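This report refers to the structure that appears directly beneath it.
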Amino acid sequence: MLRAAPRALRCCPPRPSRAPQSSSSPPAMSESPSPAVSPSPAVSPSPAVSPGAAASPGGLVAVLQVTSTADKEHNWRQCSALVRRAAARGARAVFLPEGFDFIGDSPQHSLELAEPLHGDTVGRYRQLARECDVWLSLGGFHERGEDWDSTGRIYNCHLLLDNSGALVAAYRKLHLFDAALQGAPALCESSFTNPGRELLPPVPTPVGKLGLAVCYDLRFPELAQALRGAGAQILTFPSAFTVPTGAAHWEVLLRARAIECQCYVLAAAQTGRHSAGRASFGHALVADPWGTVVAQCQEGPGLCLAHLDLAYLEQVRRQLPVHGHRRGDIYGATAATGAGTGAGT
């Protein structure tokens, strides 16, 4: 019979679980902020592996929760303080949410504040990674890309820096969030943002093979399955979920991706009010390959820490080999013939 895995210390009550027993995972931890801290997508060729990658992956990670505004300096102070705190606690990799650089008051404001990858903001984080000796997942940077002059639009770019400060990967968000929900301001990301054109393969890091995504990508399981099929052990969904969608879907979707893909899921998050017209749900979390939430933030800026046990991940996959049971031959055939059948042919 499957036995319950040890639960983590976190800021929400533990949930019952019947997961396979984890062999060595120490407790995860959540911290409140200190007073000072205000068909599956195609996979492109693998990016170069940084020499900072460790030989024995797994270990402690930190997932941040922040409240970004249009004030870049405020956001830098908030995020860098939390990164330093996570590094002091022993984290090998630190994950920041979408919009860590800023959240503008309007699309036009966001375009004005955006920077290229070689700008001041990324430069400061590269130096921070070196100083703290940690990998940084910068979960949603407003990038003025090479086509800025011709398109006048930006990219929502998830950057991965190694502990030497080198840029290891840059994933540009594939799915743009356009929604008009009752009782919430309409958001139309596609009005000022270019969609990405490729899904990057998982990146080897000191904590495991990392699949990069951003926020709204969470709602597309095909993306997560493509990353899992390419070898991902960890899926990242740095986000700025709205309050209505977060309350209804945030944890459900994250746990579903963890269960379906048998991966750790790391979800850094924006929280609280960014401006008069916009607020985010928060509740940054880590879910394990059984779908159990093992660390989660409460309200306000802060961080949670969790130990990633890749031996446990492999145990879950061996005992319930879902990925090997997938029938891509049938799914693909159904999708190809369904359109013709629906048209009456």
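Throughout, numbering of the chain's residues begins at 1 and tracks the sequence. Owing to the predicted nature of the structure, the values given are computational and were not obtained by experimental measurement.
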Restricting to non-hydrogen atoms, name the atom on [X] and the atom on [Y] that form the minimum distance, rounded to 0.1 Å.
| X | Y | value |
| --- | --- | --- |
| Ala287 | Ala258 | CB-CB, 4.1 Å |
| Ala213 | Pro238 | O-CD, 3.2 Å |
| Gly246 | Phe281 | O-CE2, 3.4 Å |
| Ser68 | Ile103 | CB-CG1, 4.0 Å |
| Ala284 | Val63 | CB-CG1, 4.0 Å |
| Leu174 | Pro195 | O-CB, 3.8 Å |

Taking only residues two or more places apart in sequence or in another chain, which ones pass salt bridge (Lys or Arg N to Asp or Glu O under 4.0 Å) with Arg273?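 Applying salt bridge (Lys or Arg N to Asp or Glu O under 4.0 Å) to Arg273 gives none.
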Taking salt bridge (Lys or Arg N to Asp or Glu O under 4.0 Å) as the definition, give me every residue that meets it alongside Glu146, ordered by chain and number, with sequence neighbours left out.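 Glu146 satisfies salt bridge (Lys or Arg N to Asp or Glu O under 4.0 Å) with no other residue.
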When hydrophobic residues are tied together by side-chain contacts of less than 4.5 Å, even through go-betweens, does [X] share a cluster with [Y]?
| X | Y | result |
| --- | --- | --- |
| Tyr264 | Leu160 | yes |
| Val214 | Leu223 | yes |
| Leu128 | Leu161 | yes |
| Trp290 | Val61 | yes |
| Phe102 | Leu117 | no |

Tell me the salt bridge (Lys or Arg N to Asp or Glu O under 4.0 Å) pairs involving residues 164-176, sequence neighbours left out?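 Counting only pairs at least two positions apart or across chains, the salt bridge (Lys or Arg N to Asp or Glu O under 4.0 Å) contacts touching residues 164-176 are Glu98-Lys173, Glu143-Arg172, Lys173-Glu189.
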Salt bridge (Lys or Arg N to Asp or Glu O under 4.0 Å) partners of residues 236-247, not counting sequence neighbours, each pair once: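 Checked against salt bridge (Lys or Arg N to Asp or Glu O under 4.0 Å) - neighbours excluded - no pair reaches residues 236-247.
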Atom pair [atom1] ([X]) and [atom2] ([Y]), whose distance is rounded to the nearest 0.5 Å:
| X | Y | atom1 | atom2 | result |
| --- | --- | --- | --- | --- |
| Asp71 | Leu113 | CG | CG | 10.0 Å |
| Leu235 | Arg257 | CG | CZ | 9.5 Å |
| Thr292 | Arg255 | OG1 | CZ | 6.0 Å |
| Trp76 | Asp101 | CH2 | CG | 12.0 Å |
| Glu131 | Asn163 | CD | CG | 13.0 Å |
| His323 | Arg228 | NE2 | CZ | 4.5 Å |

Mind checking who shares a hydrophobic cluster with Trp148, ILVMFWY linked at side-chain heavy-atom distances under 4.5 Å?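 Its cluster mates, by chain and number, are Leu111, Ile154, Phe192.
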Which ILVMFWY residues can you reach from Val252 by hopping between side chains whose heavy atoms are under 4.5 Å apart?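 Cluster partners of Val252: none, it stands alone.
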Donor-acceptor contact below 3.5 Å, side chain Thr236 vs main chain Gly211: yes
Are the side chain of Thr151 and the backbone N or O of Arg153 linked by a donor-acceptor pair below 3.5 Å? yes
Would you say [X] and [Y] make side-chain contact, with heavy atoms under 4.5 Å?
| X | Y | result |
| --- | --- | --- |
| Asp288 | Val316 | no |
| Val207 | Gln233 | no |
| Leu313 | Arg317 | yes |
| Glu260 | Gln225 | yes |
| Leu96 | Val66 | no |
| Tyr331 | Arg327 | yes |
| Cys132 | Val83 | yes |
| Gln65 | Pro97 | no |

Will you find, in the side chains of Arg130 and Gln127, an N or O donor that is under 3.5 Å from an N or O acceptor? yes
Consider only side-chain N and O atoms of Thr67 and Gln78, and report whether a donor and an acceptor are under 3.5 Å apart.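 Distance-only check fails for Thr67 and Gln78.
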Partner residues of Val122 under the side-chain contact (heavy atoms from CB on, under 4.5 Å) criterion, sequence neighbours left out: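 Val122 satisfies side-chain contact (heavy atoms from CB on, under 4.5 Å) with Arg126, Phe141, Leu159 once adjacent residues are dropped.
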Run the side-chain contact (heavy atoms from CB on, under 4.5 Å) test against Ala267 and tell me which residues pass, sequence neighbours left out. Trp250, Leu254
Option among Lys72, Arg144, Arg124 that satisfies the salt bridge (Lys or Arg N to Asp or Glu O under 4.0 Å) test with Glu115: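 The passing option is Lys72.
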For Thr245, all residues meeting side-chain hydrogen bond (donor to acceptor under 3.5 Å, both in side chains), sequence neighbours excluded: Thr242
Does Phe177 have any ring-ring contact (aromatic ring centres under 6.0 Å, His included) partners at least two apart in sequence or in another chain, and if so, which? Tyr216
For Phe100, what residues pass the ring-ring contact (aromatic ring centres under 6.0 Å, His included) criterion, not counting sequence neighbours?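 Applying ring-ring contact (aromatic ring centres under 6.0 Å, His included) to Phe100 gives Tyr125.
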Hey, could you give me each pair passing ring-ring contact (aromatic ring centres under 6.0 Å, His included) that has a residue in residues 151-172? Not counting sequence neighbours.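 Counting only pairs at least two positions apart or across chains, no ring-ring contact (aromatic ring centres under 6.0 Å, His included) contact touches residues 151-172.
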